[in-house]
Q: 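This is the structure I want to talk about, given as structure tokens.
In what follows, residues are counted from 1 in the order of the sequence shown. Order of listing sets the numbers, starting from 1, for every ligand and every atom in it. Every value quoted in this text rests on a predicted model; they were computed, and no experiment measured them.
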Amino acid sequence: MPFDFSSLVAAGSPAPAVRWKPPGKYNFTFGNNDPDGLDVDKLEAAVQKALTREGRRLSDYRLHTGPQGYKPLRDFLVKKLKRDAGIECSADDILLTSGSLQGLDLVNGALLARGDTVVCEEDCYEGTINRYVKRGVNILAIPLDSGGMRMDVLEKALADLKTKGVRPKYIYTIATVQNPTATVLDEGRRRKLLELADTYSVPIFEDDCYADLTWSGKRPPALYAMSKSGNVIHIGSFSKTIAPALRVGFIVAPWSIMAHILPLKTDAGSGGLEQMMLAEYCEAHFAEHVPQLRKRFQAKLDTLVAALNEQFGTAAEFDYPPGGIFLWVKLPDNVDAMKLREAALAAGVVINPGPEWSVNKAHSKSRIRLCFASPTHEEIKDGIAALAEVCRKEFGVPARSANVERKAKA
Ligand SMILES: Cc1ncc(COP(=O)(O)O)c(C=O)c1O
């Protein structure tokens with residue numbers, strides 16, 4: 001008999017994992033990047049160059065550049081954040097992390113205790129929602145419209161909390177290409193958000209990993225850049241612009257909070273080779289790589305939109321997103337997205353059901369999130385046709401696909 005560890009597992013541990021199986025043939029989940037969009041040759045040359053020049057740095061846990069990560073990569077970010085997001089910061093304001101997920105954990109670790117309250121967008125990144133649930137914090141979710149988080153609702157919510165004596169720990173927002181709605185908060189709303197944050201003395205936590213991926217290449221200034229009082233913590237990532245498996249993200253924060261974040265990063269540093277490779281690659285190629293990637297993503301989005309129009313017709317409602325890698329789709333009210341996920345899985349189609357990407361389970365019941373960066377154009381077309389077939393069998397919609405009338409499930 002193999003040794004049984006189950007009786008020894010620490011109290012309060014998460015539910016055990018199930019063993020990994022290869023995903024279905026048509027995978028519209030996980031926010032992966034486009035394998036054909038990766039500059040493998042240039043990345044290879046970059047790693048070679050970095051190793052030849054200063055590979056011996058790898059003998060030091062911190063690459064001889066201190067606890068905040070490889071200095072040349074932080075120097076690149078200082079220039080990039082100024083150019084693209086309007087952020088004025090120095091390398092000392094930046095901490096390189098193992099993906100922006102570690103950024104989320106570190107910021108939450110520094111600020112959140114059980115019973116605290118946070119404010120976030122109602123439809124929200126699953127990784128963020130799950131972290132709040134695990135930490136036992138109260139979530140006050142603000143609905144979005146086509147312009148992002150609704151400031152009128154936020155204003156009332158903050159006033160209401162104040163009358164109850166509750167000061168939220170922060171307002172979390174994915175203001176630029178929101179996940180999952182892909183909305184972008186315009187400059188006017190950003191100003192209002194900052195004004196409210198100042199009025200109620202609540203900091204803002206800005207999660208910005210999609211901001212380079214607007215089709216126009218333009219974005220409003222980051223909240224971090226617009227803040228006059230230094231009340232914004234900003235996180236970003238190389239996952240969406242270069243490659244998620246590198247696991248390199250970053251936090252930009254004033255020292256007053258960075259000083260509390262740093263002691264929580266107890267892993268003795270994030271992967272050094274990745275940081276060295278990225279510094280070398282980004283300095284030379286980032287600016288030309290990202291516009292090409294955007295083109296690839298938008299072409300895939302157009303394939304997805306055409307497939308949905310053909311296969312679902314008016315049964316699939318969505319706004320054409322201004323950027324990003326996912327589409328937030330509303331299906332008819334009788335579609336239960338959680339059940340659709342299970343039925344689709346059996347047909348080899350993997351989707352994100354809305355309720356896992358929203359604090360409001362009723363509002364998201366018939367919504368799904370479809371990631372389009374990673375599947376090929378063919379997979380997108382065939383996958384959406386297969387999804388429509390499953391949806392019709394289970395829920396009777398769409399009644400027509402590819403302009404052919406079909407029978408609903410008896
Ligand atoms: C809004 C948001 N924040 C953070 C992350 C984490 O990304 P990473 O850890 O790869 O940087 C993601 C990933 O999809 C995301 O969508």
Side-chain angles (χ1 to χ4, degrees), residues 23 27-34 38 69 73 77 80-81 85 94-109 118-132 134 139 141 144 148-149 170-185 204-214 219 222-224 232-253 261 265 267 270-271 274-275 278 282 290 293 297 321-328 350-352 354 356-359 369-374:
N27 188 0
F28 293 102
T29 66
F30 233 91
N32 285 319
N33 218 307
D34 185 344
L38 210 64
L73 186 55
L77 281 170
K80 186 232 172 295
L81 290 167
I94 299 176
L95 169 63
L96 297 173
T97 55
S98 301
S100 51
L101 278 173
Q102 188 180 43
L104 281 175
D105 285 332
L106 293 173
V107 173
N108 288 345
V118 290
V119 178
C120 68
E121 285 130 357
E122 184 175 80
D123 302 320
C124 186
Y125 173 44
E126 185 197 28
T128 297
I129 301 175
N130 289 345
R131 279 167 168 71
Y132 294 152
K134 259 192 216 153
I139 308 174
L144 303 111
M149 193 194 287
Y170 59 65
I171 302 163
Y172 170 85
T173 177
I174 312 164
T176 315
V177 189
Q178 204 265 350
N179 190 355
T181 61
T183 48
V184 177
L185 207 67
I204 295 172
F205 184 5
E206 173 175 49
D207 188 344
D208 214 39
C209 63
Y210 299 104
D212 290 318
L213 300 178
T214 57
R219 55 155 301 167
L223 288 156
Y224 191 98
V232 180
I233 300 170
H234 178 99
I235 60 170
S237 178
F238 289 95
S239 292
K240 311 300 173 181
T241 45
I242 312 282
L246 297 176
R247 306 310 301 129
V248 183
F250 53 91
I251 300 176
V252 190
I261 290 172
K265 189 161 171 13
D267 59 3
S270 299
E274 289 82 349
Q275 294 178 39
L278 276 175
C282 289
V290 171
L293 198 63
F297 289 168
I325 56 170
F326 37 75
L327 188 66
W328 184 233
V350 197
I351 57 166
N352 290 128
E356 290 183 354
W357 294 78
S358 184
V359 179
R369 190 187 81 133
L370 297 171
C371 295
F372 51 79
S374 174

Q: Given the rule in the side chain to side chain contact (heavy atoms under 4.5 Å, CB included) test, do Y170 and I204 qualify, once you have shown the distances and angles that lead to the verdict?
A: CA-CA 5 Å; Y170 59 65; I204 295 172; over 6 Å; no
Q: We want to know whether Q275 and S270 form a side-chain donor-acceptor pair, criterion being a heavy-atom distance below 3.5 angstrom.
A: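 No donor-acceptor contact under 3.5 Å links the two side chains.
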Q: Verify whether one side chain among Y172 and D207 offers a donor that lies under 3.5 Å from an acceptor in the other.
A: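 Indeed, the side chains of Y172 and D207 share at least one donor-acceptor pair under 3.5 Å.
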Q: Kindly print each ligand 1 N/O atom paired with any protein N/O atom under 3.5 angstrom away, one pair per line, or none if nothing qualifies.
A:
| residue | atom | partner | partner atom | Å |
| --- | --- | --- | --- | --- |
| ligand 1 | 3 (N) | D207 | OD1 | 3.3 |
| ligand 1 | 3 (N) | D207 | OD2 | 2.7 |
| ligand 1 | 7 (O) | S100 | OG | 3.3 |
| ligand 1 | 9 (O) | S100 | N | 3.0 |
| ligand 1 | 9 (O) | L101 | N | 2.9 |
| ligand 1 | 9 (O) | R247 | NH2 | 2.8 |
| ligand 1 | 10 (O) | S239 | OG | 2.6 |
| ligand 1 | 10 (O) | R247 | NH1 | 2.8 |
| ligand 1 | 11 (O) | S100 | N | 2.7 |
| ligand 1 | 11 (O) | S100 | OG | 2.7 |
| ligand 1 | 11 (O) | S237 | OG | 2.6 |
| ligand 1 | 11 (O) | S239 | OG | 3.3 |
| ligand 1 | 14 (O) | Y210 | OH | 3.2 |
| ligand 1 | 14 (O) | K240 | NZ | 2.9 |
| ligand 1 | 16 (O) | N179 | ND2 | 2.8 |
| ligand 1 | 16 (O) | Y210 | OH | 2.6 |

Q: Run the side chain to side chain contact (heavy atoms under 4.5 Å, CB included) check on R247 and L101 step by step: do they pass?
A: CA-CA 9 Å; R247 306 310 301 129; L101 278 173; 3.9 Å; yes
Q: When rounded to the nearest 0.5 angstrom, what is the spacing between CG in L106 and OG in S98?
A: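 That separation rounds to 8.5 Å.
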Q: Taking 4.0 angstrom as the limit, do D105 and K265 come out as a salt bridge?
A: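 Salt bridge flag = no for K265 with D105.
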